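Residue numbers run from 1 in the order of the sequence given. In this text, all values refer to a predicted model and were calculated from it rather than measured experimentally. Heavy-atom basis, side chains included; hydrogens, waters and symmetry copies ignored.
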Amino acid sequence: MNAALATLPILVTLGLLALGVRALYASLAALATALVLTATSFRTPLGDLGDAQLHMLPTIVELGAILFGGILLSELMTRTGAQSRMGDWIGSACSSPSRAVLLVMLGVTPFAESLTGFGIGVIVAIPLLRQLGLPPAKAAVVGLLGLVTVPWGSLAPGSLVAAELGDVDFQQLGIDSALLSAPVFLICGAATLVVALGARRALASAGDLLLAVAALWGTVWAVNTFIGVPLAGVLGGLVTMVVLLVVSRLLERDGADGKRESIGRTLSPYAFLVAGLLVSRLILETAGVKEGWWTVVAGPGGWLLVTAVLTPKLLGAGQAGQAGEAGEPVLGPAALAALGRWWQVTLTTVVFLTLGTVLTVTGMSRELAEACASIGSSYLVLAPWIGAVGGFLAGSNTGANAMFAASQANTAEALNYSTGHLVAVQNVSAALASGASSARVVLAAQLAQNAPGPAAAPKPPERGDTSAPSSPSSGPATRTMTTPAPVVQSSAETDDADRPVDTRWVLRTVLSVHALVFLTTGVIAVLWQ
């Protein structure tokens with residue numbers, strides 16, 4: 001009876017989300033249900049509830065800072081035109097179809113998503129994929145499949161929540177999540193090549209795929225193991241981009257040579273953020289500080305805010321050809337826009353986190369765990385699907401972990417299974433499935449439909465032709481670099497570019513790939529004793 005009652009907050013959340021109710025309202029309804037149960041069937045002293053919430057306060061503050069800093073940085077990069085310049089440069093540096101697609105899918109998307117989160121990787125990747133020649137529907141699928149480093153998205157707040165509620169070590173969770181991500185990278189990368197190039201050309205590109213997966217997975221694992229969790233996705237995406245660009249440079253003997261200074265300045269906010277996080281982590285490790293408010297101030301949240309404030313200066317906003325010309329401010333309007341997007345996301349996240357804490361303190365998670373453990377080791381096969389349901393419906397790794405991380409940890413204890421391993425299964429599965437949520441699919445479809453393809457791009461001048469006029473800069477959306485020629489599109493796909501994106505096909509394709517990942521993860525969970 002208690003187990004059935006304990007499932008009510010989760011069922012309320014999932015049911016309302018499935019009906020299309022906004023995540024904020026669904027989480028509030030679930031929290032209200034949990035509080036009613038706390039006052040009736042799962043009586044818990046108010047002092048225990050208060051102490052638990054107080055313990056989570058630094059985590060809540062850090063989450064809020066990470067979310068606002070990530071949104072603000074993304075807004076500034078868009079308003080200053082930095083994202084457009086970065087995309088043009090990357091696209092012009094790689095003419096091999098497989099490497100170009102993998103560069104975006106396993107390099108650009110993980111890099112952007114790990115820095116800022118909230119689907120920003122899709123926003124950056126899809127316009128570039130359209131420039132490379134992919135039809136809109138295929139660009140939408142590839143963009144969504146690129147969300148493979150969501151456990152480290154927005155510098156890993158979702159993983160932090162899983163570690164807190166699952167009562168496992170944060171860094172060890174990052175390492176375990178990295179180990180589980182190897183099949184995620186490989187399966188999603190292979191599916192991307194099949195979707196973009198067809199099965200035969202994808203098979204011929206197996207070498208490029210293995211190289212990209214090895215670079216991404218090896219870096220993500222190494223950073224989690226030797227540096228720390230937050231920067232793993234960022235550095236993984238960056239190293240993957242560098243490896244593929246170097247290979248392209250060596251094999252193709254071509255690339256964007258003339259814009260090194262420009263692209264260096266475009267990437268300067270990211271370089272500043274990564275350097276700051278590395279230095280602060282070294283200082284904290286040397287001082288022996290592993291928890292408390294100093295870790296919040298010197299962690300991802302603090303550095304994201306500092307980086308965002310300095311971004312206009314780092315990008316030279318206010319100079320000729322940049323946003324903010326003639327003294328027009330950039331930071332203020334960007335902060336207001338970011339604030340409007342931030343408060344709802346943060347409030348929803350905090351409510352989900354509070355719900356997870358209540359489920360843990362009152363013993364509801366334990367009741368759920370004992371019920372799940374009653375089916376024995378077969379539960380390990382189902383564990384990835386449970387995390388996936390939360391991620392798919394909530395559209396958030398943080399929200400899904402707030403709902404299920406504690407119960408997954410308690411189930412592991414009841415099964416005498418590694419708690420860290422099962423929480424990692426939850427973390428990776430929920431993160432991947434959040435990329436297929438309805439909001440993400442609609443966003444990807446709209447972006448792909450509206451993004452100009454290669455036919456709309458100006459033809460680059462011939463070598464040695466100095467008579468081609470250069471168009472002056474006209475603001476943040478201006479493309480200042482040579483537009484890359486299409487490397488993927490075939491003549492048979494030209495007509496597809498004018499067709500509306502079938503969101504049902506996009507969703508079915510992405511979920512089919514994800515299902516293969518969850519089956520594989522379940523097998524690994526059984527063997528991972």
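Panel note: side chain W217, backbone A178; a donor-acceptor pair is recorded below 3.5 Å. Remark: side-chain polar atoms of T109 are paired, donor with acceptor, to backbone N or O of V104 under 3.5 angstrom. At distances below 3.5 Å, not a single donor-acceptor pair connects side-chain atoms of S429 with backbone N or O atoms of A388. Remark: side-chain polar atoms of Y417 are paired, donor with acceptor, to backbone N or O of A525 under 3.5 angstrom. Remark: side-chain polar atoms of Q171 are paired, donor with acceptor, to backbone N or O of N224 under 3.5 angstrom. Proximity of a side-chain donor or acceptor of T240 to a complementary backbone N or O of L216 within less than 3.5 Å is detected. Remark: the backbone N or O of V358 is paired with a side-chain donor or acceptor of T362 at under 3.5 angstrom. Using a distance-only test at 3.5 Å, with no hydrogens or angles considered, a donor-acceptor pair links the side chain of Q449 to the main chain of V501.
In this structure, A383 and L422 approach most closely via the heavy-atom pair CB-CD1, 3.7 Å. For the residue pair L173 and S159, the shortest heavy atom distance occurs at CD2-O, 3.4 Å. Between L432 and C188, the shortest heavy-atom contact is CD1-SG, 4.2 Å. For A431 against P151, the heavy-atom pair with the smallest separation is CB-CD, 3.4 Å. Of all heavy-atom pairs between M105 and P110, the closest is O-CD, 3.2 Å. Residue L147 comes nearest to G435 through the heavy atom pair CD1-CA, 3.7 Å, listed as atom of the first residue, atom of the second, then distance.
A search for salt bridge (Lys or Arg N to Asp or Glu O under 4.0 Å) contacts involving D502 returns R504, not counting sequence neighbours. Listed by chain and residue number, A52, Q53, M56, L165, V361 satisfy the side-chain contact (heavy atoms from CB on, under 4.5 Å) test with T357 (two or more places apart in sequence, or in another chain). The side-chain hydrogen bond (donor to acceptor under 3.5 Å, both in side chains) search around T149 returns S114, not counting sequence neighbours. Annotation: side-chain contact (heavy atoms from CB on, under 4.5 Å) contacts of V526 (sequence neighbours excluded): L380, V381. Taking the side-chain hydrogen bond (donor to acceptor under 3.5 Å, both in side chains) definition, one finds that T38 meets it with nothing, sequence neighbours left out. Considering only residues two or more places apart in sequence or on other chains, T346 meets the side-chain hydrogen bond (donor to acceptor under 3.5 Å, both in side chains) condition with W342. Judged as a side-chain contact (heavy atoms from CB on, under 4.5 Å), and not counting sequence neighbours, the contacts of A337 are E75, R79.
When side chains are defined from C-beta on, S98 counts as touching L197, because their heavy atoms get closer than 4.5 Å. L519 is listed as a side-chain neighbour of W385, based on a closest heavy-atom distance under 4.5 Å. Looking only at side-chain heavy atoms (C-beta outward), V513 and V141 stay at 4.5 Å or farther from each other.
Annotation: the span from N401 atom CG to Q426 atom CD amounts to 5.0 Å, rounded to 0.5 Å. How far CG of L106 is from CE of M241: 11.5 Å, rounded to the nearest 0.5 Å. Atom CG of D167 is separated from atom OG1 of T419 by 8.5 Å, given to the nearest 0.5 angstrom. The CG atom of L210 lies 6.5 Å from the CG atom of L186; values are rounded to the nearest 0.5 Å. Separating the CD1 atom in I60 from the CG atom in L54 is a distance of 9.5 Å, to the nearest 0.5 Å. Atom CZ of R130 and atom CD1 of I126 lie 10.0 Å apart (nearest 0.5 Å).
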Worked verdict on L5 versus F42 for side-chain contact (heavy atoms from CB on, under 4.5 Å): CA-CA 9 Å; L5 290 175; F42 295 89; 4.1 Å; yes
Give the C-alpha distance, both sets of side-chain angles, the deciding distance and a yes or no for side-chain contact (heavy atoms from CB on, under 4.5 Å) between L355 and V351. CA-CA 6 Å; L355 172 64; V351 174; 5.5 Å; no
Please lay out, stage by stage, how W528 and L180 fare under the test side-chain contact (heavy atoms from CB on, under 4.5 Å). CA-CA 10 Å; W528 199 10; L180 275 176; 3.5 Å; yes
Would you please test L155 and W303 for side-chain contact (heavy atoms from CB on, under 4.5 Å) and show each step? CA-CA 11 Å; L155 300 180; W303 277 103; over 6 Å; no
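Residue pairs meeting the side chain to side chain donor-acceptor pair (under 3.5 Å) criterion with at least one partner in residues 174-183, sequence neighbours excluded, are Q172-D176, S177-N427. Residue pairs meeting the ring pair (Phe, Tyr, Trp, His ring centres under 6.0 Å) criterion with at least one partner in residues 353-382, sequence neighbours excluded, are absent. Sorted by first and then second residue, the ring pair (Phe, Tyr, Trp, His ring centres under 6.0 Å) pairs with a member in residues 171-197 form an empty list; sequence neighbours excluded. Applying the side chain to side chain donor-acceptor pair (under 3.5 Å) test to residues at least two apart or on different chains, none of the pairs has a partner in residues 509-526. Pairs engaging residues 208-237 under the salt bridge (Lys or Arg N to Asp or Glu O under 4.0 Å) rule: R99-D208 [sequence neighbours left out].
Screening L231, L238, V239, V234 against T219 for a side-chain contact (heavy atoms from CB on, under 4.5 Å) leaves a single residue, V239.
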